[in-house]
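Below: one structure, written as structure tokens.
For the single chain, residues carry numbers from 1 onward in sequence order. Fair warning: this is a prediction, and the values are worked out from it, not measured in the lab.
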Amino acid sequence: MTDDAIKHQSELIKHSIAILQDALVDLEKGNELSEIKLYDIMGIVVTQIQDVVDISTATDEATKTEIMKKWL
């Protein structure tokens, strides 16, 4: 796997963790998750984690690049 793909996967995971960390802080404070945070988790985090998996399992660099371009 290219360094660009690895770096991209790392950035996707970091961004997903940041969204989840923010949600965790709210939950630990006893607050319900806002509708926006739920949509961020459902829409962004799930998609980014799936893209990390898809990049890892792609068999060619063109497919990896195509997946990575979704977030640029």
Side-chain angles (χ1 to χ4, degrees):
M1 187 174 309
T2 66
D3 289 341
D4 287 341
I6 292 168
K7 182 179 178 187
H8 189 77
Q9 287 176 303
S10 173
E11 293 302 318
L12 289 175
I13 290 172
K14 286 178 187 176
H15 186 248
S16 292
I17 288 171
I19 291 170
L20 292 172
Q21 183 64 41
D22 188 44
L24 178 61
V25 167
D26 280 350
L27 292 171
E28 287 177 335
K29 290 179 180 177
N31 300 327
E32 291 184 24
L33 294 179
S34 69
E35 189 174 324
I36 292 171
K37 285 187 182 166
L38 286 173
Y39 285 124
D40 283 348
I41 291 169
M42 291 185 307
I44 297 172
V45 172
V46 172
T47 302
Q48 286 182 333
I49 298 303
Q50 184 61 56
D51 284 349
V52 169
V53 171
D54 291 346
I55 291 168
S56 292
T57 59
T59 57
D60 60 88
E61 292 303 315
T63 303
K64 291 176 187 182
T65 301
E66 184 178 322
I67 296 166
M68 292 180 345
K69 284 182 180 180
K70 289 175 20 181
W71 297 102
L72 298 178

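To the nearest 0.5 Å, the span separating CD on E11 from CD1 on I6 amounts to 13.0 Å. To the nearest 0.5 angstrom, K64 atom NZ is 8.5 Å from T59 atom OG1. Distance CG/L24 to NZ/K29: 11.0 Å, rounded to 0.5 Å.
Here the shortest heavy-atom pairing between E61 and T2 reads OE1-CG2, 3.0 Å. Of all the heavy atoms in Q48 and S16, the pair that sits closest is OE1-OG, 2.7 Å.
The closest donor-acceptor contact from the side chain of S56 to the backbone of V52 lies under 3.5 Å.
Side-chain contact between T63 and I67 is present, with heavy atoms from C-beta onward closer than 4.5 Å. D22 places none of its side-chain heavy atoms less than 4.5 Å from the side chain of D40. Contact annotation: the side chain of I44 approaches that of H15 to within less than 4.5 Å [non-hydrogen atoms, C-beta and beyond].
The side chain to side chain contact (heavy atoms under 4.5 Å, CB included) check on S34 picks up I36, K37, with sequence neighbours excluded.
Connection of L33 to L20 is established within a shared hydrophobic cluster, with ILVMFWY side chains joined at heavy-atom distances below 4.5 Å, either directly or through further cluster members. Cluster membership for L38 and L27, using ILVMFWY side-chain heavy atoms within less than 4.5 angstrom, is shared.
By the 6.0 Å contact criterion, CD on E66 is open, its count of non-hydrogen atoms from other residues, nucleotides or ligands being 12 or less. Atom NZ of K7 has 12 or fewer heavy atoms from other residues, nucleotides or ligands within 6.0 Å.
For the pairing with I49, the side chain to side chain contact (heavy atoms under 4.5 Å, CB included) check across V45, D51, V46, T47 returns one residue only, V45.
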